[in-house]
Amino acid sequence: MALSLIALSLWSCKKEETRAVATDGAPGALKASATSVVVDKSMLTTDVITFDMSNANFGYQAAVSNVLQIAPKGSNFAEPSQTILDANATSKSFNGLDFNNLLLGLKLPSTSNSDIEVRVKSTISNDVAPVYSNVLTISAKPFPLTAWVYVPGAYQGWNPSAADSLISPTGNGIYTGIIGFDGGNFKITPKKTWDVAYGDAGGGKISTTGGDIKSLTPGAKELVVDLNQNTITITDVVWAAVGSATPSDWPPASGPYNELDMKFVGNNTWTITLPLKVGEMKFRKNHKWDNSIGDGGDNIKITEAGTYDISLTINPDFNTGSYTVVKK
């Protein structure tokens, strides 16, 4: 009798196992706050479009991964620009800079509007087929991010149409570049004309009513011009070749050293011709190890002695670049 009661008790406490089984997913719905978007530089930090969406349903409470896909109309999303959405997100807004980058990634023209298609791809695992939302069509036009200003001055005859330039890779109003001055004065012009020219307003400021800006001494200078804050900074700069492959070897920890300074030739580029021996070398900035350039994070290896033409071109960040070391 006791055994029967125990068995009955165990049977009555046992619960039937419930298994969650994924079904073919039902896609979510996608909406957009605009049907046409034309981006310009005034919109870099302003939201230009918002997408609202509902989650796909795979038959049970699952962790759904959503990716917003954007592609040229008619491409069948062959090579879309993609943005991974936050978990459980029901809305995604893009500011002008981020949406412009997506459009540029599609290689859309910046001279006219193009139709793009937008959808959400939803997945729960590699074992279950993804589902896609409805497709939206939006008319959009990006703008080219890269922008320039120009630096006419005494070093080149005060000719804005032939002046060296400073570059803003993201079009954010901050322009950088390296100019080889003769010690004379200069100004900053947004175009290759004198229609608008920024000059010295004192205290590192520039204005369209300011006087000539002084380069102070001859030589290459790093310039940073911020037209958001109307400021300018000017820094002396030189790059040199150092290392066991060079005639001067590696710099000592202290004491005098005959550094092999390179010649600035314009376009952010320095050159030098050197007899090199088997060994290693690098380039370093302003005779310090604060900034150096090699083969990635390593030294540049010279495997054959001889005379080499060496060239170094610096990127707009002033700290990275590319080089060539060519045996004559």
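- With a 4.5 Å cut-off on side-chain heavy atoms, V67 and I84 count as touching.
- In this structure, the side chains of I206 and T231 stay at 4.5 Å or more apart for every pair of heavy atoms.
- For K31, the NZ atom counts as loosely surrounded, since its 6.0 Å shell holds 12 or fewer non-hydrogen atoms of other residues, nucleotides or ligands.
- Between L276 and V325, the closest side-chain pair of non-hydrogen atoms falls below 4.5 Å.
- Rounding to the nearest 0.5 Å gives a distance of 8.0 Å between CG of D236 and CG of L216.
- Put simply, the side chain of Y257 never gets that close to the backbone of W250: no donor and acceptor are under 3.5 Å apart.
- With salt bridges taken as basic N to acidic carboxylate O contacts below 4.0 Å, none links E79 and K107.
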Donor-acceptor list for residues 300-313 side chains, cut-off 3.5 Å, not counting sequence neighbours:
| unit_1 | atom_1 | unit_2 | atom_2 | d |
| --- | --- | --- | --- | --- |
| Y308 | OH | E304 | O | 2.5 |
| D309 | OD1 | T273 | OG1 | 2.8 |
| T313 | OG1 | T269 | OG1 | 2.9 |

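- Here the shortest heavy-atom pairing between A71 and S75 reads CB-OG, 3.5 Å.
- Between S133 and S122 the shortest side-chain heavy-atom distance does not fall below 4.5 Å.
- Looking at every heavy atom in both residues, N185 comes nearest to W158 through O-CZ2, 3.4 Å.
- Annotation: cation-pi pair K92/F94 present, NZ/CZ under 6.0 Å from the ring centroid and within 45° of its normal.
- Of all heavy-atom pairs spanning Y132 and Q69, the tightest one is CE2-OE1, 3.9 Å.
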In sequence, state the C-alpha distance, the side-chain angles, and the governing distance for V64 and I124, and then conclude on side chain to side chain contact (heavy atoms under 4.5 Å, CB included). CA-CA 5 Å; V64 180; I124 57 171; 3.9 Å; yes

Candidate pair V242 and W289, rule side chain to side chain contact (heavy atoms under 4.5 Å, CB included), full reasoning: CA-CA 11 Å; V242 299; W289 283 117; 3.7 Å; yes

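- In the hydrophobic clustering of this structure, L136 groups with I70; members are Ile, Leu, Val, Met, Phe, Trp, Tyr whose side-chain heavy atoms approach within less than 4.5 Å, directly or through other members.
- Taking every heavy atom of both residues into account, N228 and D226 meet most closely at N-OD1, 2.8 Å.
- K282 pairs by the salt bridge (Lys or Arg N to Asp or Glu O under 4.0 Å) definition with nothing, not counting sequence neighbours.
- A donor-acceptor pair under 3.5 Å links the side-chain atoms of N100 to the main chain of F143, judged by distance alone.
- Under a cut-off of 6.0 angstrom, the local environment of NZ in K205 is crowded, with over 12 non-hydrogen atoms contributed by other residues, nucleotides or ligands.
- When each of N315, T320, N319 is paired with D317, the side chain to side chain donor-acceptor pair (under 3.5 Å) condition holds for T320 and for no other.
- Following chains of ILVMFWY side-chain contacts shorter than 4.5 Å, one can reach V48 starting from L145, so the two form part of one hydrophobic cluster.
- Here F186 pairs with F181 under the ring pair (Phe, Tyr, Trp, His ring centres under 6.0 Å) rule; sequence neighbours left out.
- A donor-acceptor pair under 3.5 Å is absent between the side-chain atoms of D295 and the main chain of D298, judged by distance alone.
- Cluster annotation: L223 is connected to L227 through the hydrophobic network of ILVMFWY side chains, with a link wherever side-chain heavy atoms come within less than 4.5 Å.
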Quick one: do L103 and V37 satisfy side chain to side chain contact (heavy atoms under 4.5 Å, CB included)? Show the steps, please. CA-CA 10 Å; L103 298 178; V37 180; 5.6 Å; no

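- Residue M53 holds its CE atom at 7.0 Å from OG1 of T90, rounded to the nearest 0.5 Å.
- Between F318 and V224 there is a side-chain heavy-atom pair separated by less than 4.5 Å.
- The closest side-chain heavy-atom distance from S168 to Y175 is below 4.5 Å.
- Interatomic distance, CZ of F283 versus CG of N299, reported as 11.5 Å (0.5 Å rounding).
- Between D115 and T137, the side chains place no donor N or O within less than 3.5 Å of an acceptor N or O (distance only, hydrogens not considered).
- When side chains are defined from C-beta on, N286 counts as touching V237, because their heavy atoms get closer than 4.5 Å.
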Before you tell me yes or no, could you show the steps for T176 and L166 under side chain to side chain contact (heavy atoms under 4.5 Å, CB included), namely the whole-Å CA-CA distance, both residues' side-chain angles and the distance that decides it to 0.1 Å? CA-CA 5 Å; T176 63; L166 310 178; 5.9 Å; no

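- S248 and T246 form no side-chain donor-acceptor contact under 3.5 Å, judged by distance and modelled atom types alone.
- Connection of V238 to M262 is not established within any shared hydrophobic cluster, with ILVMFWY side chains joined at heavy-atom distances below 4.5 Å, either directly or through further cluster members.
- No more than 12 heavy atoms of other residues, nucleotides or ligands shown are found within 6.0 angstrom of CG on N126.
- In this structure, CD1 on I49 lies 4.5 Å from CZ on F99, to the nearest 0.5 angstrom.
- Atom-to-atom distance recorded for S110:OG and K141:NZ is 8.0 Å, nearest 0.5 angstrom.
- Counted within 6.0 Å of NZ on K277, heavy atoms from surrounding residues, nucleotides or ligands total more than 12; the atom is thus considered enclosed.
- Pairing each heavy atom of V118 with each of L30, the nearest pair is O-CD2, 3.7 Å.
- Nearest heavy-atom pair, G180 versus Y155, reported as atom, atom and distance to 0.1 Å: O-CD1, 3.7 Å.
- V131 and F77 fall into different hydrophobic clusters, where Ile, Leu, Val, Met, Phe, Trp and Tyr residues are linked whenever their side-chain heavy atoms come under 4.5 Å apart, directly or through other members.
- A heavy-atom distance below 4.5 Å is found between the side chains of D261 and H287.
- Between L274 atom CG and L260 atom CG the span is 5.5 Å, to the nearest 0.5 Å.
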